Amino acid sequence: MALSQSLLRAIPTCSFLSLSSSLPSTLQRLYPSPFKLFEFAASKFSCIGYYYSSLPLPLDHNFDNNNNLYYTFEPEAYYTSLLSKSTHKSFLNQIHAQLFTFGLQNNGYIITKFIHVGSNIGEIVYARKIFDEFSDPYVFLWNAIIRGYSSHNMFHEAIDMYNNMQEAYVSPDCFTFPHVLKACSGLSAVKFGQAVHAQAFRHGLESDVFVQNGLVTLYTKCRKIELARIIFDRLVERNIVSWTSMISGCAQNGQPIEALRIFCEMRKLNVEPDWIVLVSVLRAYSDAEDLEQGKCVHSLVMKMGLEYEPDLLIALTAMYSKCGQIMVAKLLFDLMEVQDVILWNVMISGFAKNGHASKAVELFQKMLMRNIRPDSVTVQSTILACAHVGSLDQARWMDNYVYNSKFRDDICVKTALIDMYAKCGSVELARKVFDQSIHRDVVLWSAMIVGYGLHGRAREAIDLFNMMKSAGVHPNDVTFIGLLTACNHSGLVKEGWELFHSMRLYGIEPRHQHYACVVDLLGRSGHLEKAYNFIQNMPIEPAVSIWGALLSACKIHRHVKLGEYAAEKLFSLDPLNTGHYVQLSNLYASTRMWEGVAKVRVLMKEKGLTKDLGYSMIEVNGKLQAFRMGDKSHPRSEEIYKELEILERKLMEAGFVPDAESALHDLDTEDKQVSLCNHSERLAIAYGLISTPPGTTLRITKNLRACVNCHSATKLITKLVNREIVVRDANRFHHFKDGFCSCGDFW
DNA sequence: CTAGGGTTAG
């Protein structure tokens with residue numbers, strides 16, 4: 001008696017395995033057959049037995065006169081408590097076996113609990129087995145299994161089960177729909193989601209707040225923000241989840257201002273925010289780049305005592321980083337005790353986006369040293385950082401890391417690698433990664449096409465596009481951006497024009513960038529009037545990129561009047577962007593309209609704008625070296641300038657005449673002749689020449705667009721010193737070789 | 001037994 005009672009008391013805390021060993025070994029020897037053992041234990045101790053396994057039977061059971069087992073305990077309470085302590089499949093198995101002993105295998109309450117626990121501990125396959133063994137499942141069981149699948153992101157399975165449920169003529173209830181809707185949201189399945197919506201309506205559940213919130217999420221995730229809005233507006237009893245769904249929905253759909261308006265509305269109604277809604281609000285402020293309001297949320301967080309909520313701190317870090325306060329973000333990062341991967345991801349992508357790309361890569365390496373496991377997003381962000389840095393050596397290092405990691409078959413990572421190689425100047429290595437990818441989605445194809453576009457290799461881009469279509473992959477808007485850019489960079493006007501007009505055949509509505517490409521395409525080839533008319537007939541309001549494309553075309557073809565018009569639009573739409581002023585000034589200078597140049601200079605001064613300083617970077621022996629114009633800070637400066645002189649002499653001997661026009665564009669230099677051969681690009685080339693073996697390709701990255709003068713000089717240099725030079729400017733790649741450039745002098 | 005968030009490739 002004492003033994004059995006102490007065993008039972010031990011159930012909640014003790015593992016069943018140790019219980020098994022506490023069974024007297026004499027019993028095991030005397031009664032080897034499980035049933036005999038059970039019978040013995042039951043009769044001798046009248047309260048406990050063993051059956052097949054080490055799991056003890058509950059206290060209150062006995063045999064009737066016909067030797068049938070019966071129980072007097074509360075099975076539902078008993079097994080609920082037992083199940084809630086189960087963390088392993090083997091325990092569940094033992095409990096399930098015991099249910100048969102008492103004929104409880106069809107107790108819906110207990111089996112529902114089984115399915116919940118099974119899926120909670122990640123044994124969804126086991127949960128499904130239990131479900132399938134239940135003879136006539138009713139709504140609770142269906143809900144449990146659908147929940148199991150949708151909480152494991154197995155959305156197709158969840159929806160399959162929902163369909164099976166209907167085929168079994170079981171009516172869904174208000175608990176069914178949230179799970180099914182989550183599955184629809186996860187798959188962005190609008191059509192099916194709408195059908196579910198209709199069914200919820202038919203079952204009279206459309207006013208249930210859980211169902212409504214599920215619908216709001218469904219429609220925002222499917223980018224049907226207006227539909228979400230209708231549901232939200234009709235909600236009578238909004239709870240904090242309703243508000244959060246709508247606020248984050250707007251933020252996710254590129255409407256941060258609207259998201260924040262709704263948040264204000266919520267506060268006016270005195271709805272107390274919780275930390276989850278604040279995370280969404282912070283995202284909206286980051287997207288709106290509203291640092292001041294973001295800071296207000298920070299103080300609200302402190303006031304509410306939520307500053308110890310790790311995920312909220314991560315959101316704050318992301319907000320500071322997106323608002324350009326990377327150092328504040330770093331401060332929070334350093335102060336934080338939790339070392340969540342997402343926190344590292346925020347910091348790495350923050351560095352990458354804020355012009356500290358090499359710091360991002362350093363952080364990644366630090367993370368590896370600290371044995372914090374990167375996830376796919378970490379790797380993608382780091383690869384993106386490498387793409388910003390532009391170092392081919394670093395790109396190779398990253399590729400090698402991926403190859404030896406579990407991410408080598410991750411399609412997103414592969415896409416990032418393709419983009420990285422293209423941006424680091426090697427479209428060939430990008431293609432190699434592409435060729436080695438077995439699964440190719442539209443994003444991967446597009447990355448390769450965009451890569452070709454960047455390098456002005458329109459033929460390859462179009463060939464790839466055709467291959468993609470034959471592979472049955474449907475193009476999207478980005479595919480066309482790649483194609484159109486490729487045509488631009490190679491001057492393929494006819495092809496570009498046709499591709500643009502084929503977009504709608506693929507069901508793709510052109511966006512600003514596409515229109516900008518066409519304006520660029522027409523403008524570059526000298527069809528300025530046509531470009532202008534094209535803009536006039538656009539179905540959407542022309543944005544900055546479109547006027548920018550027109551202005552640069554006007555600059556190439558020296559069309560002052562139209563250029564001034566475009567510049568006017570640009571100054572009002574984007575008044576603080578220095579680039580537009582420089583472009584207009586360049587246009588005036590190219591037509592020798594000095595009053596115009598002076599006017600622009602005054603305009604810039606009034607607004608307190610200064611021309612961006614140019615710099616170029618070159619990588620030698622894995623080390624990046626940056627040069628500014630006239631830079632003398634390098635330890636080998638003397639040698640560099642000596643090499644520069646030699647180059648200049650060779651250029652002159654070869655009949656190179658510095659382009660006076662280009663010199664005149666330089667607003668800020670007095671001595672134009674010197675400034676030309678002083679350009680950062682030349683310094684980088686000179687340094688590259690003296691520090692690498694003959695024949696090595698030089699790879700240079702610069703922050704501005706290539707200037708006319710350096711461009712023609714570089715062409716000639718490749719011939720004179722017999723080297724290839726690859727230059728990445730702010731816009732595209734130039735591959736210089738044998739006196740020619742891959743851009744065909746279109747840029 | 002139910003619903004909401006943050007990092008992310010072209």
Side-chain angles (χ1 to χ4, degrees), chain A residues 109 112-113 115-117 119-120 139-148 150-151 173-182 185 208-218 220-221 239-249 251-252 274-284 286 309-319 321-322 340-350 352 374-384 387 410-420 422-423 441-451 453-454 475-482:
Chain A
Y109 187 92
T112 304
K113 202 76 194 174
I115 298 169
H116 277 130
V117 172
S119 73
N120 285 351
V139 64
F140 269 40
L141 281 107
W142 287 104
N143 289 351
I145 194 69
I146 295 171
R147 182 198 89 122
S150 92
S151 64
D173 65 6
C174 60
F175 290 93
T176 317
F177 287 107
H179 305 308
V180 179
L181 289 171
K182 187 187 171 183
S185 311
D208 181 276
V209 69
F210 282 88
V211 176
Q212 298 271 25
N213 291 346
L215 286 169
V216 170
T217 308
L218 166 76
T220 59
K221 289 265 155 67
N239 58 23
I240 188 69
V241 178
S242 325
W243 288 100
T244 311
S245 306
M246 200 60 228
I247 290 169
S248 73
Q252 286 163 5
D274 66 359
W275 69 267
I276 297 185
V277 78
L278 289 179
V279 166
S280 295
V281 168
L282 279 170
R283 181 199 157 143
S286 328
E309 199 59 65
D311 291 355
L312 192 46
L313 279 175
I314 294 174
L316 276 169
T317 312
M319 185 275 292
S321 128
K322 278 192 199 155
D340 189 329
V341 218
I342 297 189
L343 175 61
W344 287 79
N345 294 352
V346 164
M347 212 53 231
I348 289 175
S349 63
D375 66 4
S376 169
V377 175
T378 324
V379 176
Q380 287 169 52
S381 305
T382 312
I383 295 174
L384 185 71
D410 184 313
I411 191 163
C412 299
V413 170
K414 279 216 180 289
T415 306
L417 283 176
I418 291 172
D419 174 59
M420 171 190 74
K423 288 192 177 134
D441 65 359
V442 60
V443 184
L444 189 104
W445 282 96
S446 303
M448 194 61 233
I449 291 173
V450 170
L454 204 59
N476 67 11
D477 54 336
V478 182
T479 320
F480 278 95
I481 286 177

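This structure is a prediction, so every number in the text was calculated from the model and none was measured. Chain A is the first sequence line, chain B the second, and so forth, proteins listed ahead of strands; every chain is numbered from 1. Just so it is clear, the values below take in all heavy atoms, side chains as well, and ignore hydrogens, waters and symmetry mates.
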Checklist line | side chain to side chain donor-acceptor pair (under 3.5 Å) partners for A:Ser376, two or more places apart | finding: A:Gln380, A:Asp410

Notebook entry, point to check: Which part of the nucleic acid, if any, lies within contact of A:Asn143, taking any heavy atom under 4.0 Å across all strands shown: a base, the sugar-phosphate backbone alone, or nothing?
Noted result: base

Margin query: The criterion is side chain to side chain donor-acceptor pair (under 3.5 Å); which residues satisfy it with A:Ser446, sequence neighbours excluded?
Written below: A:Thr479

Next item on the list: Summarise how protein sits on nucleotides 2-7 of chain B as a single string, 5' to 3': B when a protein heavy atom is under 4.0 Å from the base, S for sugar-phosphate-only contact, - for no contact.
Entry: BBBBBB

Note to self: Once salt bridge (Lys or Arg N to Asp or Glu O under 4.0 Å) is applied, do any residues pair with A:Arg283, and if so which ones, sequence neighbours excluded?
What the structure shows: A:Asp287

Checklist line | Residues that A:Trp142 engages under side chain to side chain donor-acceptor pair (under 3.5 Å), provided they are two or more places apart | finding: none

Checklist line | Qualifying residues under side chain to side chain donor-acceptor pair (under 3.5 Å), relative to A:Asn345, sequence neighbours excluded | finding: A:Asp375, A:Thr378

Note to self: Can you measure A:Ile481 atom CD1 to B:dG10 atom P for me and round it to whole angstrom units?
What the structure shows: 12 Å

